[in-house]
Structure formats: C-alpha cells, structure tokens
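Read through the structure below, which is laid out as structure tokens, and then see the notes.
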Amino acid sequence: MAASFRSPFLSALQERCFIHQITDAEGLDAAAAQGVTGYIGFDMTAPSLHVGSLVQIMMLRHLQRAGGKPIVLLGGGTTRVGDPSGKDESRRLLSEEEIEANAASIRTVFERFLRFGEGPTDAIMLNNADWLLKLGYIDFLRDVGRHFSVNRMLSMDSVRLRLDREQMLSFIEFNYMILQAYDFAVLNQRHGCRLQMGGSDQWGNIVNGVDLTRRMHGEDVFGLTTPLLTTASGAKMGKTAAGAIWLNAAMLSPFDYWQFWRNVEDADIGRFLKLFTDLPMDEIARLASLQGAEINEAKRVLATEATALLHGLTAAQAAQNTAAATFGGGGAGEALPTIDRSIQTLIGMRVADALRALRLVESNGEAKRHIKAGAVSVNNVPVASETATLEEADLIDGVVKLSVGKKKHGLVRRTQ
C-alpha cells in the first residue's frame, strides 16, 4: 500500500484508520482523484442495521465529501441467499415480506449520513433484487459461472473456515460470492461504478467482483476493505450485554445510543473519534491526549458528535442534558427509556416487572438477582425487597426513575 495518497478520499481514509487492504492502491488513488463511484452492499437481515455497519456508512460519507459518488446497494436478492462470510452456521432464510419490511425500515438511516439526489456526487440507493431475481439459471451459469474456479472458491476464507470446522455449507450459500461479484459487474456497466468497499471479511468476495468485472467487461475496478473492528479489550464492536447497538431509533433510543458511545473504553477514544465523527484531526488529537478525569470530556464529545450524525443535533443535546441531570445531579430527564402506565396500573406494579418492561433486564430472575445484590434503585433509593412495588409516593412530577447499577436507567411515566 502506498505510504501516502494524492486523492482527498484515500488521504482521509488513511489518516482516520479506515484502510486495511486495497486491490490496486495506486490505481484507485488516481481514479479517486478524478472522482470515483463506489458502492457498499447491505443485506437486510433485520429491521435495523447495527453500529457494526457504521464504519461502512462513514466510508460512503467520506467518499461523497471528497467528490465521489456513493451507491448504497440493498441486498434484496442476496439476503435471500445468505452470506456465509464469518458465519459458523447457515443464516435463517427470510421471506420476501420480511426482507421488504426490513428494507423499508433501514432506508432512513442512510439519509442521515449521505446526500441523495440526481447530481454527479449525489448518493443513489439501489436494490440488487432488480437484476438478481430476473436471472435465468442456465444463462447465469453460462455467462457468469464459467468465470469462477471451484478450486479458488474453496480456498476463500468464507468457505474454507466453515469446512475446516466441519460445519454445513449449503449450496445456496456457496453461490453467494458469485452473486456479489455479479453485483459489481452490473453496477460497473449501469452506473460506471469502479470501487467496492466492505469489511475485511468481504475481501474474497470483493476480489471476485474485481476479477469478474475485468473478465466480463474488460474494466479495471478496485476493492477496499476496512480492518475488523474490535474494542481495545478485543470485544466485537457493537455487541453489549444488553444486545446489539441498533441504528434505528425505534429499536434503540437516542439516549441509549449516546450512552453507548459515552461508555466506550478509554483506549478507544482517539480511534473512535477518527472513525465515527467529522471532527477535524487536530481537535481529535487534542481530545485523545486528555488524561485522567478529563478524558470524560472526550467521551462526551464522541457521544454527542456520533449521536448527532445519526439522530440529529437536537436529540444528541437532549441525550447529553439527560445524562448530565441523571448522572451528575441525580435527576431524571426526558430522553431516558420510558414506558407509560395509568395510575391504576402503576401503583402496585412490581419493580421487577417495571425493569423488564423498560428492557433494563431480560427476565424476572435477572431482576431479582440485581435487587438481591443491591444494584436496583427507585429514584436513587436502593430497593431492598425482591417483591417491592411502585407506590404513588414514588411519583416525582408524574415520573418514577428506576436504575440498575450506575449506567442503566429508565422512567415509568404516569398517564392521565
């Protein structure tokens, strides 16, 4: 890989630590300097993407900011197959209705990060179902399949690792890399796309797409991958004890999203500021250099900047203000996870049931364990009994605040 780049796009990716591998660094640098069209595919296996997809979304954002044209490719076709990359077992095949519902749900996230339109650098959103579902099997085998070596396919990590573990790899999954490669060839012909990006686990699939596009159309195209993203302690990014960090507000509130970034490990601050914010590099360097208690300033900036990109500045500031009130002054703010209950339902409601309804715990058993350990409080007062209930006296301005430990909080709000 080149030590430095001429194009603003690759220069930005390099200084922000996005780059792991490039198929032809010099060639891509030259193409990017003129403004290159690039894409990333997103399969629709859930109603929301999670924060693990955020590195890829930010790369599309940097591409557009540097004068390139981003393509968001929704995997309406490939989701029907299932990508075996990094998986130990086959993914559940979704129905057409589930895939369409998931697509509708995740589309809005991209509008927060990218500018869509008809201009030369405006992003476009496509769905590979538009061409994959129309393929004739025999024609596809003849026109596309003939360019693939089974020997080489078996050597790809996505296949080899599954076979080495003696885990079943279905024939439909085995075809996934061919379909993804074909996506690149189609996008190159229809939209002049010359770059595919993805995580490091996609390297084999991307290389196949580069090779297929050259074989079918005689075009020189490029691939770029990002490093596997883990925390400083080695944990997989985006997974917590409470579950995935979803990007859709309906699945994870802006406050909880803000709290996720606020609670990252100290050693991750500088790297995450580079990857997940638009802050200039000199300001990132200043924040990353803070030590001791001052590092909390850097964490608050990271949380607010990352949340503002996804949910907007108003929601980010509300989350920050809520956190300041909740964790600083002991008060309760409006942005915490909240459930509404009538006064008749609220009075006498078991604390354990309220914790479950707020999704602060997964089960009554977990709630009881936390209560027994002294980790549960109502309005900052520890709960002593596993059978404790909420009472009218617990209402403060129509709200009861429940907490599990120092970092998980929620509100039960009285309705009229």
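Residue indices begin at 1 and follow the sequence shown. As a basis for the values below, the full set of heavy atoms in this structure was taken, side chains included, without hydrogen atoms, waters or symmetry mates. No experiment lies behind these values; they were computed from the predicted model shown.
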Residues that [X] engages under ring pair (Phe, Tyr, Trp, His ring centres under 6.0 Å), provided they are two or more places apart:
{"X": "Phe110", "result": "Phe42"}
{"X": "Tyr39", "result": "Phe184"}
{"X": "Phe18", "result": "His62"}

How long is the straight-line distance from [atom2] of [Y] back to [atom1] of [X], given to the nearest 0.5 Å?
{"X": "Thr277", "Y": "Trp261", "atom1": "OG1", "atom2": "CH2", "answer": "10.0 Å"}
{"X": "Leu73", "Y": "Ile40", "atom1": "CG", "atom2": "CD1", "answer": "10.5 Å"}
{"X": "Gln56", "Y": "Arg61", "atom1": "CD", "atom2": "CZ", "answer": "15.5 Å"}
{"X": "Ile178", "Y": "Leu212", "atom1": "CD1", "atom2": "CG", "answer": "9.0 Å"}
{"X": "Ile339", "Y": "Leu411", "atom1": "CD1", "atom2": "CG", "answer": "9.5 Å"}
{"X": "His147", "Y": "Asp211", "atom1": "NE2", "atom2": "CG", "answer": "9.5 Å"}

With a 3.5 Å distance limit and no angle check, can you tell me whether [X] reaches the backbone of [Y] through a side-chain donor-acceptor pair?
{"X": "Lys69", "Y": "Gly119", "result": "yes"}
{"X": "Arg16", "Y": "Lys274", "result": "yes"}
{"X": "Asn248", "Y": "Ala250", "result": "no"}
{"X": "Glu366", "Y": "Glu362", "result": "yes"}
{"X": "Lys401", "Y": "Gly410", "result": "no"}
{"X": "Thr37", "Y": "Cys193", "result": "no"}
{"X": "Asp394", "Y": "Val400", "result": "no"}
{"X": "Asp29", "Y": "Arg6", "result": "yes"}
{"X": "Ser289", "Y": "Arg286", "result": "yes"}
{"X": "Ser403", "Y": "Gly405", "result": "no"}

Self-check item: Chi angles and distances behind the salt bridge (charged side-chain N to carboxylate O under 4.0 Å, His left out) call for Asp340, Arg414
Solution: CA-CA 6 Å; Asp340 293 325; Arg414 181 190 64 196; over 6 Å; no
Are [X] and [Y] side-chain neighbours, meaning at least one heavy-atom pair lies under 4.5 Å?
{"X": "Ile269", "Y": "Val264", "value": "yes"}
{"X": "Leu402", "Y": "Val376", "value": "no"}
{"X": "Leu133", "Y": "Asn128", "value": "no"}
{"X": "Met58", "Y": "Asp278", "value": "yes"}
{"X": "His370", "Y": "Val361", "value": "yes"}
{"X": "Leu287", "Y": "Leu279", "value": "yes"}
{"X": "Asp266", "Y": "Lys299", "value": "yes"}
{"X": "His50", "Y": "Ile245", "value": "no"}

Heavy atoms only: give me the nearest [X]-[Y] pair and the separation to one decimal.
{"X": "Ala31", "Y": "Phe222", "result": "CB-CE1, 3.9 Å"}
{"X": "Ala367", "Y": "Leu355", "result": "CB-CD1, 4.1 Å"}
{"X": "Ala316", "Y": "Ala308", "result": "CB-N, 3.6 Å"}
{"X": "Lys408", "Y": "Leu360", "result": "NZ-O, 2.7 Å"}
{"X": "His311", "Y": "Ala249", "result": "CE1-CB, 3.7 Å"}
{"X": "Pro254", "Y": "Ala319", "result": "O-CB, 4.2 Å"}

Are side-chain N/O atoms of [X] and [Y] paired as donor and acceptor at under 3.5 Å?
{"X": "Thr78", "Y": "Gln180", "result": "no"}
{"X": "Ser342", "Y": "Thr345", "result": "yes"}
{"X": "His20", "Y": "Ser200", "result": "no"}
{"X": "Gln202", "Y": "Thr225", "result": "no"}
{"X": "Thr121", "Y": "Gln64", "result": "no"}
{"X": "Asn188", "Y": "Thr213", "result": "no"}
{"X": "Arg262", "Y": "Asn296", "result": "yes"}
{"X": "Asp143", "Y": "Tyr182", "result": "no"}
{"X": "Glu265", "Y": "Thr231", "result": "yes"}

Practice problem: Not counting sequence neighbours, which residues clear side-chain contact (heavy atoms from CB on, under 4.5 Å) with Pro47? List them please. | Solution: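 By the side-chain contact (heavy atoms from CB on, under 4.5 Å) rule, Pro47 matches Asn102, Ser105, Met251.
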Quiz item: If you measure from the Lys or Arg side-chain nitrogens to the Asp or Glu carboxylate oxygens, is any gap between Asp220 and Arg194 under 4.0 Å?
Solution: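 Between Arg194 and Asp220 there is no salt bridge, as every charged N stays at least 4.0 Å from the carboxylate O atoms.
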Quiz item: Can Asp353 and Arg341 be counted as an ion pair, charged N to O under 4.0 angstrom?
Solution: no
Exercise. For Ser377 and Asn380, run side-chain hydrogen bond (donor to acceptor under 3.5 Å, both in side chains): C-alpha distance rounded to whole Å, both residues' side-chain angles, the deciding distance at 0.1 Å, then the answer.
Key: CA-CA 5 Å; Ser377 62; Asn380 301 320; 4.9 Å; no
Exercise. Check the pair Asp201, Trp203 against side-chain contact (heavy atoms from CB on, under 4.5 Å), reporting the backbone distance first and the verdict last.
Key: CA-CA 6 Å; Asp201 62 332; Trp203 178 249; over 6 Å; no
Practice problem: Could you tell me if the ring centre of Trp246 sits under 6.0 Å from that of Tyr257? | Solution: no
Practice problem: Show the numbers, then the answer: is there a side-chain contact (heavy atoms from CB on, under 4.5 Å) between Met197 and Val55? | Solution: CA-CA 11 Å; Met197 298 177 286; Val55 168; over 6 Å; no
Quiz item: Does any pair with a residue in residues 122-134 pass salt bridge (charged side-chain N to carboxylate O under 4.0 Å, His left out), and if so which ones, sequence neighbours excluded?
Solution: Arg115-Asp122
Exercise. For Glu96, check side-chain hydrogen bond (donor to acceptor under 3.5 Å, both in side chains) against everything at least two apart and list the hits.
Key: none
Self-check item: Full working for side-chain contact (heavy atoms from CB on, under 4.5 Å) between Leu114 and Val72
Solution: CA-CA 10 Å; Leu114 301 170; Val72 175; 3.7 Å; yes
Exercise. Evaluate the ring planes of Trp258 and Phe255, with Trp represented by its six-membered ring, and classify them as parallel (under 30°), tilted (30 to 60°) or perpendicular (over 60°).
Key: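 The arrangement is parallel - the two ring planes meet at less than 30°.
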Exercise. Evaluate side-chain contact (heavy atoms from CB on, under 4.5 Å) for Ile57 paired with Leu247, printing each intermediate quantity in order.
Key: CA-CA 11 Å; Ile57 298 173; Leu247 300 185; 4.0 Å; yes
